[in-house]
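Side chains included, hydrogens not; waters and symmetry mates left out as well; all remaining heavy atoms used. Whatever order the structure lists ligands and atoms in, that order sets their numbers, starting from 1.
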Amino acid sequence: MPTTQTEPEPESAHVPGHRAAPLPVVDPATGEAFDEAPDQQPDALDAVIDRSHRAWHDWRIDPAVRSTALRTGADAVEAAGDELARLLTREQGKPLTESHAEVARTAARLRYFAELAPRARRIDDGRPVHSEVRWRSLGPVAAIVPWNFPLQLAAAKCAPALAAGNTVILKPSPHTPLATRLLGSVLTAVLPPDVLTVVTGREPLGARLTSHPGIRHVTFTGSVPTGRAVAGAAAASLARVTLELGGNDAAVLLDDVDVERIADRLFWAAFRNCGQVCMAVKRVYVPARLHTDVVEALAARAASVTVGPGLDPGTQLGPVNNAPQLARVTHLVRQALRDGARAAAGGHRLPGPGYFFAPTILTDVPTDSPVVTEEQFGPVLPVLPYRTTDEAVDAANSTGMGLGGSVWGTDTERAAAVAERLECGTAWINHHAELSLAQPFAGAKDSGVGVAGGPWGLYGNLRPFVVHRPKEART
Ligand code: NAD
């Protein structure tokens with residue numbers, strides 16, 4: 001297994017000044033550390049951000065240079081695809097086929113933003129003036145990502161920021177630093193020095209990055225509590241903040257739903273990446289008369305799924321990524337069972353090494369149980385009965401989060417009308433969590449601030465610059 005320790009790396013990919021003890025990286029399939037990454041000190045950020053600022057002066061000038069570099073970067077990511085995917089599976093846990101798909105999405109994001117350019121626009125309000133809106137880059141951007149999709153989310157942040165003419169300091173989660181370091185090596189080889197820098201380490205590295213006065217935009221993906229801390233830290237320098245935060249997406253099944261027809265799709269919308277997806281289905285609401293059918297259909301799938309190490313061919317579901325997350329999932333399930341819920345499938349940790357949890361379908365769950373009201377972010381799905389559609393919509397909208405939601409039924413017009421009533425950023429009909437690169441991605445309520453994705457993601461990394469002059473030029 002190649003690792004970043006043996007990789008030749010351009011100097012600008014990583015900062016010097018590690019602490020003596022490096023950061024151990026654990027394989028969640030074994031629970032054992034298999035490699036390590038630098039545990040960089042927050043003080044090292046001053047030099048990194050200074051270099052990033054200097055690199056910005058040239059990088060912001062020519063969009064054609066940036067576009068070519070991003071396209072070349074996408075090719076380089078694909079060329080390193082096998083190595084990136086294996087390393088991602090090793091540290092994150094997901095099946096190798098999913099890691100390959102994540103690498104492909106990483107390259108696709110680089111290519112998509114390579115082709116996007118902001119549009120200048122004339123404003124004509126009838127007055128005798130020319131007013132033209134142009135777009136300028138911001139400066140060094142701090143990009144902070146979680147451990148569930150380290151590569152894809154890194155590209156979702158870096159590609160629009162770089163395409164817009166900014167430089168980037170990218171910080172992965174301490175649970176998944178290695179594939180991101182390799183991605184950094186691949187990309188810095190095709191970018192000018194210091195345009196992209198990857199930093200790794202324990203907190204307070206992220207906290208220092210978000211409060212640093214040299215950072216002009218903080219683009220963060222992670223949990224709601226950390227998002228609040230990031231917004232507070234960035235307030236000191238009034239850096240722009242884009243926050244993509246947690247979700248507790250509901251799937252509402254209507255009474256004309258064909259249960260067998262949708263069961264596979266619904267199951268994987270909840271359990272892909274071991275449920276560690278911000279916009280996974282995290283609660284299912286079912287008409288009372290269909291409740292038993294839906295629980296049985298989902299439980300049959302949960303019981304038959306192949307759970308194992310991501311590198312084993314045939315594995316469909318890997319381990320939970322890390323020990324604290326496994327403890328949280330275990331706690332939420334135990335609490336629900338204590339409160340009267342029943343596990344129609346799973347309900348427990350799997351014996352043996354590694355952070356494996358049996359895919360779990362919960363029924364008879366009290367509606368105020370934390371496994372319903374909070375984001376579980378693991379292989380656990382509560383299925384709740386409802387009597388009226390109004391009751392289901394109210395329940396779907398009852399949490400503080402509003403990332404996505406879906407409505408499932410045979411009459412798609414009726415399902416679409418119910419979906420209109422969901423308080424969320426994206427509502428799907430008869431599927432869930434499908435995204436296009438060209439669409440905006442933004443959560444409602446506590447699920448986010450600002451917009452990522454599509455041209456909106458590019459403009460989120462730019463500021464308007466207006467040139468205003470009289471129509472009749474006079475000297
Ligand atoms: P987290 O909030 O614990 O950590 C996210 C990142 O922030 C990590 O890199 C972490 O090291 C860093 N961090 C921690 N404390 C910080 C601080 N004080 N200042 C700055 N950075 C800090 O989240 P996690 O457990 O890594 O990821 C899971 C969460 O991410 C879930 O809530 C999930 O829904 C969310 N998520 C959201 C999206 C989205 O697009 N909305 C996508 C993926 C994941």
Side-chain angles (χ1 to χ4, degrees), residues 23 25 28 37 39-40 42 45 91-92 94 102 105 109 142-157 169-177 179-180 198-212 215 218-236 239 241-249 272-282 320-329 374-378 399-404 424-426 433 435 439-453 457 460:
L23 192 64
V25 183
D39 186 13
Q40 286 161 339
L45 290 173
E91 68 177 354
Q92 204 285 331
K94 65 185 68 185
E102 180 167 344
R105 290 192 293 266
R109 276 155 180 72
I144 300 184
V145 295
W147 43 259
N148 59 340
F149 290 98
L151 297 180
Q152 171 183 336
L153 291 173
K157 298 196 169 318
I169 294 116
L170 169 63
K171 194 202 81 66
S173 164
H175 296 295
T176 51
T180 311
V198 177
V199 296
T200 59
R202 300 179 175 88
E203 281 312 302
L205 188 67
R208 182 73 71 87
L209 188 57
T210 53
S211 61
H212 198 286
I215 294 293
V218 179
T219 172
F220 170 86
T221 297
S223 63
V224 173
T226 313
R228 287 191 208 285
V230 166
V241 174
T242 305
L243 305 174
E244 296 171 58
L245 306 180
N248 192 357
D249 291 10
R272 186 170 73 94
N273 204 28
C274 209
Q276 302 162 129
V277 180
C278 55
M279 52 186 167
V281 169
K282 295 189 176 121
V320 172
N321 172 255
N322 57 75
Q325 187 60 23
L326 179 68
R328 174 171 166 74
V329 169
E374 296 175 18
E375 180 185 36
Q376 68 273 41
F377 217 61
T399 78
M401 291 172 173
L403 198 56
C424 58
T426 310
L435 289 180
Q439 78 179 60
F441 184 60
K445 299 192 275 187
D446 286 353
S447 288
V449 171
V451 185

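- Using a 4.0 Å cut-off to heavy atoms of Leu153, the atoms of ligand 1 that qualify are 43 (C).
- Between atom CG of residue Asn148 and atom NZ of residue Lys94 there is a gap of 6.5 Å, rounded to the nearest 0.5 Å.
- Taken to the nearest 0.5 Å, the CG atom of Leu170 stands 10.5 Å off from the OG1 atom of Thr200.
- Counting protein heavy atoms only, atom 43 (C) of ligand 1 is closest to Asn148 ND2, 3.2 Å.
- Scanning the protein heavy atoms around atom 11 (O) of ligand 1, the nearest turns out to be Lys171 NZ, 3.0 Å.
- Here Arg272 contributes atom CZ and Met279 contributes atom CE; the two are 7.0 Å apart, rounded to the nearest 0.5 Å.
- Residues His212 and Pro42 fail the side-chain proximity criterion, which asks for heavy atoms closer than 4.5 Å.
- With respect to atom 27 (O) of ligand 1, the closest heavy atom belonging to the protein is Pro146 CB, 3.1 Å.
- In terms of protein heavy-atom proximity, atom 23 (O) of ligand 1 is closest to Ser223 N, 3.5 Å.
- In this structure, CD in Glu203 is found 11.0 Å from CZ in Arg208, a value given to the nearest 0.5 Å.
- With respect to atom 35 (C) of ligand 1, the closest heavy atom belonging to the protein is Gly222 O, 3.2 Å.
- Set against the non-hydrogen atoms of Val230, the atoms of ligand 1 under 4.0 Å away are 19 (N), 20 (C).
- Within ligand 1, counting atoms from 1 as listed, the ones closer than 4.0 Å to a heavy atom of Val145 are 6 (C), 8 (C), 9 (O).
- Here atom 5 (C) of ligand 1 lies nearest to Thr221 when heavy atoms of Thr226, Asn322, Thr221 are compared.
- To the nearest 0.5 Å, atoms CG (Leu403) and OG1 (Thr399) are separated by 10.0 Å.
- Taking a cut-off of under 4.0 Å to the non-hydrogen atoms of Pro174, the atoms of ligand 1 that pass are 11 (O).
- Of all atoms in ligand 1, numbered sequentially from 1 with element shown, those under 4.0 Å from a heavy atom of Phe220 are 2 (O), 5 (C), 6 (C), 7 (O).
- Annotation: side chain of Pro150 is in contact with side chain of Gln92 (closest heavy-atom distance under 4.5 Å).
- Each of the atoms 19 (N), 20 (C), 21 (N) of ligand 1 lies under 4.0 Å from some heavy atom of Gly206.
- Less than 4.0 angstrom separates some heavy atom of Phe377 from each of these atoms of ligand 1: 28 (C), 31 (C), 33 (C), 34 (O).
- Looking only at side-chain heavy atoms (C-beta outward), Glu374 and Arg328 come within less than 4.5 Å of each other.
- Within the 4.5 Å cutoff, the side chain of Asn322 has heavy atoms near those of the Trp147 side chain.
- The shortest side-chain heavy-atom distance between Leu245 and Asp446 does not fall under the 4.5 Å cut-off.
- Taking atom 25 (O) of ligand 1 as the reference point, the nearest protein heavy-atom neighbour is Trp147 NE1, 3.1 Å.
- Contacts of Gln325 with ligand 1, taken as heavy-atom pairs under 4.0 Å, are absent altogether.
- Distance NZ/Lys157 to CD1/Ile144: 9.5 Å, rounded to 0.5 Å.
- Looking at ligand 1, you'll find an N or O of Glu244 within less than 3.5 Å of one of its N or O atoms.
- Within ligand 1, the atoms closer than 4.0 Å to a non-hydrogen atom of Pro172 are 9 (O), numbered from 1 in the order shown.
- Protein heavy atom nearest atom 36 (N) of ligand 1, with residue, atom name and distance: Cys278 CB, 3.6 Å.
- The protein heavy-atom contact nearest to atom 17 (C) of ligand 1 is Glu203 OE1, 3.6 Å.
- When only interatomic distances are considered, the shortest N/O to N/O separation between Ser447 and ligand 1 does not fall below 3.5 Å.
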